[in-house]
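Working notes, structure below.
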Amino acid sequence: MGIAVYPGSFDPVTNGHMDIVERAAQIFDQVIVAVVINPDKKPLFTMEERVEMIKQACAHLPNVRVGYFSGLLVDFVKQEKANAIIRGLRAVSDFEYEFQMALMNKKLNPDVETVFLTSQSEYAFLSSSLVKEVASFGGDVCHFLPRTVLSRMAEKYGNSVCGKSVTR
Ligand code: ADP
């Protein structure tokens with residue numbers, strides 16, 4: 001079904017993102033997970049770190065590639081000869097912004113469709129920012145992140161973030 005780009009900040013990639021990537025990889029011939037470089041945001045992980053973590057988490061998916069871009073998403077989509085944009089929807093609160101973006105991108109390039117995949121209920125509450133907040137207070141986030149991401153979070157916040165703490 002063609003090539004799809006799954007764009008996002010992925011700071012860091014979570015199991016919620018991974019669920020969307022894995023399902024998209026079954027629908028499309030090729031999926032490109034694309035890290036957005038946004039100069040207005042101060043990310044926890046560098047662009048290189050985010051790309052590397054996604055590559056490791058997607059190593060078992062042969063039709064998934066990882067890239068990055070700045071500027072307009074539709075330009076990156078065109079450059080990659082993709083025909084679809086994947087976005088994940090967690091809750092009604094995601095909807096308005098995503099709807100606006102999809103309509104804008106459709107105006108900018110009518111040949112590209114935005115395809116929404118709904119989150120699985122177990123990941124519907126999960127966001128990178130919430131995981132970072134919990135980890136910053138030493139909370140255990142091991143159920144929410146791929147294993148390779150967990151070790152990087154532990155480097156930043158200590159071992160309690162991956163369930164190794166016995167303090168309670
Ligand atoms: P952005 O800054 O573009 O929102 P994110 O990394 O937060 O970047 O999210 C990228 C995409 O993944 C978005 O479409 C977002 O809705 C989706 N997403 C994030 N977390 C989840 C989740 N837990 N389940 C499903 N989709 C998700």
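Remember, it's 1-based here, ligands and their atoms both numbered in the order they're listed.
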With a 3.5 Å distance limit and no angle check, can you tell me whether Arg50 reaches the backbone of Leu44 through a side-chain donor-acceptor pair?
no
Using a cut-off of 6.0 Å, state whether more than 12 heavy atoms not belonging to Phe99 lie near its atom CZ.
no
Protein residues having a heavy atom less than 4.0 Å from any atom of ligand 1
Tyr6, Pro7, Gly8, Ser9, Phe10, Gly16, His17, Ile20, Lys41, Arg87, Gly88, Arg90, Asp94, Glu98, Ser119, Tyr123, Leu126
Around atom NE2 of His60, are there more than 12 heavy atoms of other residues, nucleotides or ligands at under 6.0 Å?
yes
Is a side-chain donor-acceptor pair under 3.5 Å present for Gln120 with Asp19?
yes
Output yes when Lys132 and Asp11 qualify as a salt bridge under the 4.0 Å nitrogen-oxygen rule, no when they do not.
yes
Quick check: are there more than 12 heavy atoms from other residues, nucleotides or ligands sitting under 6.0 Å from OH of Tyr68?
no
